[in-house]
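This report refers to the structure that appears directly beneath it.
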Amino acid sequence: MPQVTVTVNGQAHTVEVEARTLLVEMLREQLRLTGTHVGCDTSQCGACVVHVNGESVKACTLLAVQAEGAQVTTIEGLAAADGTLHPMQEAFREYHALQCGFCTPGMVMSAIDLVQKNPQGLTEHEIREGLDGNICRCTGYHNIVKAISAAAEVMHGQRAELAPAG
Amino acid sequence: MYDFAYHKPTSVADAVKILSEDPDAKPISGGMTLLPALKHRLNRPTSLVDLGGIAELKGVKREGDAIVVGAMTTHYAVATDPLLKQSIPALARMASTVGDTQVRNRGTLGGSLANNDPAADYPAAAVALGATFITNSRRISAEDFFQGMFTTALEPGELLVAVSFPIPEKAGYAKLRNPASRYSMAGVFIAKTAGGVRVGVNGAGPGVFRQTEMETALSANWSATALDGVRQSPDSLNSDIHGSAEYRANLVEVMAKRALADAG
Ligand SMILES: Cc1cc2nc3c(=O)[nH]c(=O)nc-3n(C[C@H](O)[C@H](O)[C@H](O)COP(=O)(O)OP(=O)(O)OC[C@H]3O[C@@H](n4cnc5c(N)ncnc54)[C@H](O)[C@@H]3O)c2cc1C
Ligand code: FES
Ligand code: FES
């Protein structure tokens with residue numbers, strides 16, 4: 001059986017997989033990192049988004065073997081060791097950007113990639129366009145967009161702390 | 001998904017060798033089309049040859065009056081490449097509308113063109129810009145490369161290595177995205193080149209095609225009103241649950257005007 005060596009959330013793992021094992025299956029079933037969800041399994045919904053070498057990808061449409069040697073970050077890897085949430089996680093909480101929470105891990109991972117790739121800042125419209133690959137069936141997106149906007153200010157160092165939700 | 005063997009060669013020569021030794025092996029680039037197809041068990045390759053480890057397939061460079069884009073260059077890289085944004089900005093803008101961010105981070109120019117989905121974006125650009133397809137063994141013109149729905153001139157085991165896009169004087173693109181799949185319902189790429197105006201249409205028909213009436217009108221008179229009287233016939237366009245042939249014909253006319261405005 002093929003072996004994959006990947007660094008997941010800073011920790012190196014060597015895992016035996018089948019060639020057809022999807023990255024999301026390896027993360028959930030072998031590494032027991034079940035924060036990454038599978039909504040559609042057809043590359044549409046974005047519930048499975050993780051970062052591979054810093055870029056957001058759909059882990060249901062990537063073979064584990066294709067991630068050989070990569071740095072993978074999942075939702076479990078965002079908070080600091082002492083439990084302090086990443087600004088994006090904190091913003092989702094503060095702005096009530098989730099209801100059932102199923103889409104949230106993927107939303108947060110996509111949102112972080114979006115903010116990091118746009119240091120010049122993002123308009124509301126650009127945030128909505130940037131979330132094209134993530135579907136939420138609960139919130140109607142408004143609070144997600146507000147949360148991302150607020151987190152971006154913290155991530156870009158324009159504010160030390162999150163602007164409180166109104 | 002059925003299981004398969006997995007190879008990750010580091011050169012085009014090695015990839016071609018593996019593919020030539022096994023007729024049921026298949027290349028995988030971004031996997032954005034191939035993996036969903038394998039999940040549906042639509043085909044059953046004995047092995048996948050991952051092109052992700054081949055450095056010579058990546059990147060964008062200028063060669064004379066053309067921009068040469070490696071087959072493994074992702075849609076995101078095409079959309080953000082400084083050289084492309086400066087010399088063929090319509091191509092970069094087009095790439096920024098393919099699928100969604102995560103599809104653009106993995107999906108590649110070569111995978112999209114080799115797949116030749118009738119609703120994919122790149123084929124219209126390749127036809128309008130008069131691109132040349134560079135494989136491991138030959139060079140193929142855009143007209144000869146696309147051979148109808150999901151069919152190209154690539155022989156089994158032949159790899160697309162790069163695509164050379166001559167720099168146009170002006171170019172523009174517009175499409176109506178299917179709101180669910182994000183693929184093109186109808187998209188029009190217009191290029192004003194040294195050899196005349198060329199218009200490529202995707203999404204509307206069973207494969208990419210050139211709209212010659214529009215080409216004639218724009219070659220005679222490159223102006224905002226040049227397309228006013230030019231009609232697209234619905235004959236041989238697609239009719240499906242997303243839209244009738246008549247609706248798509250109308251979309252082609254509308255998108256052509258928007259593409260012309262985009263070209264400036
Ligand atoms: C949700 C979603 C939305 C999408 N929306 C759009 C859209 O709006 N517009 C659009 O154009 N596309 C869209 N796509 C498709 C996307 O652009 C794919 O990236 C593309 O069609 C295939 O590229 P790939 O690199 O992923 O190829 P793969 O899936 O890896 O391969 C596709 C095919 O090409 C072959 N192949 C790959 N590379 C080569 C090569 N170098 N030489 C020879 N053969 C090769 C493979 O064997 C396979 O048969 C979408 C996909 C998804 C999942
Ligand atoms: S589970 Fe991967 S995109 Fe829906
Ligand atoms: S919070 Fe329920 S799907 Fe988004």
Side-chain angles (χ1 to χ4, degrees), chain A residues 1-4 17-25 36 38-70 106-107 109-118 122 126-135, chain B residues 1-10 25-54 58 72 74-77 79-80 93 96-108 111 177-183:
Chain A
M1 280 228 274
Q3 274 197 343
V4 206
V17 295
E18 291 184 302
R20 63 177 168 180
T21 303
L22 301 170
L23 179 63
V24 73
E25 293 171 334
T36 303
V38 177
C40 64
D41 196 28
T42 56
S43 332
Q44 308 280 338
C45 75
C48 64
V49 171
V50 301
H51 293 183
V52 173
N53 295 329
E55 286 205 311
S56 61
V57 303
K58 292 176 178 170
C60 75
T61 315
L62 186 68
L63 300 170
V65 286
Q66 289 179 288
E68 170 66 35
M107 280 288 175
M109 299 313 287
S110 290
I112 291 173
D113 186 25
L114 179 67
V115 169
Q116 281 172 346
K117 279 191 180 137
N118 291 281
L122 287 156
E126 287 165 338
I127 295 174
R128 288 181 186 274
E129 294 264 297
L131 293 181
D132 229 3
N134 292 78
I135 294 173
Chain B
M1 217 185 313
Y2 296 111
D3 206 12
F4 40 76
Y6 174 79
H7 306 277
K8 195 168 183 181
T10 53
K26 247 185 176 307
I28 178 165
S29 45
M32 290 295 115
T33 294
L34 185 56
L35 290 176
L38 294 184
K39 286 184 184 182
H40 283 118
R41 299 192 167 180
L42 290 178
N43 53 37
R44 186 173 192 170
T46 45
S47 63
L48 291 189
V49 180
D50 187 351
L51 306 180
I54 307 177
K58 285 185 198 137
M72 278 300 291
T74 61
H75 306 324
Y76 176 74
T80 54
R93 279 199 300 277
S96 76
T97 70
V98 175
D100 53 52
T101 306
Q102 289 71 38
V103 168
R104 294 192 290 275
N105 281 345
R106 291 289 307 170
T108 66
R177 303 171 94 200
N178 179 306
S181 77
R182 294 139 191 151
Y183 278 91

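Labels below follow one simple rule: chain letters A, B, ... track the order of the sequence lines, proteins then strands, and each chain is numbered from 1. Because the structure is a prediction, the values reported are computed rather than measured.
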**OP:** Under 4.5 Å, counting heavy-atom pairs only, tell me which of A/N134, A/T21, A/L63 racks up the most with chain B.
**Re:** A/L63
Subject >> Heavy-atom pair of closest approach, residues B/Q102 and A/S110 >> reply: NE2-OG, 3.1 Å
**OP:** Could you tell me which portion of A/L22 (side chain, backbone, both or neither) has an atom closer than 4.5 angstrom to a non-hydrogen atom of chain B?
**Re:** side chain
Original post:
By a 4.5 Å heavy-atom criterion (distance strictly below it), what part of B/I28 contacts chain A: side chain, backbone, both, or neither?
Top reply: side chain
**OP:** Identify the two heavy atoms, one from A/Q66 and one from B/K8, that lie closest to each other, and give their separation to 0.1 Å.
**Re:** O-NZ, 4.2 Å
Subject >> Note: A/D132-B/R104 ion pair, threshold 4.0 Å (strictly below) >> reply: no
Subject >> Heavy-atom pairs under 4.5 Å with chain A, option from B/L48, B/L34, B/D50 with the top count >> reply: B/D50
**OP:** State, to 0.1 Å, how close B/F4 and A/A19 come at their nearest heavy-atom pair, and which atoms those are.
**Re:** O-CB, 3.1 Å
**OP:** List for me each residue that meets salt bridge (Lys or Arg N to Asp or Glu O under 4.0 Å) alongside B/K39, sequence neighbours excluded, and say none if there are none.
**Re:** A/D41
**OP:** With a 4.5 Å heavy-atom cut-off (strictly below), which parts of residues 42-55 of chain A touch chain B? List them by number.
**Re:** A/S43, A/Q44, A/V49, A/E55
Subject >> Shortest non-hydrogen separation from B/N105 to A/K117 and the atoms involved >> reply: OD1-NZ, 3.3 Å
Original post:
Do B/R106 side-chain atoms and A/T61 backbone N/O form a donor-acceptor pair below 3.5 Å?
Top reply: no
Subject >> Atom pair OG1/CG of B/T101 and A/L131 - distance to nearest 0.5 Å >> reply: 8.0 Å
Original post:
Is it the side chain or the backbone of B/Y2 that comes within 4.5 Å of chain A heavy atoms, both, or neither?
Top reply: backbone
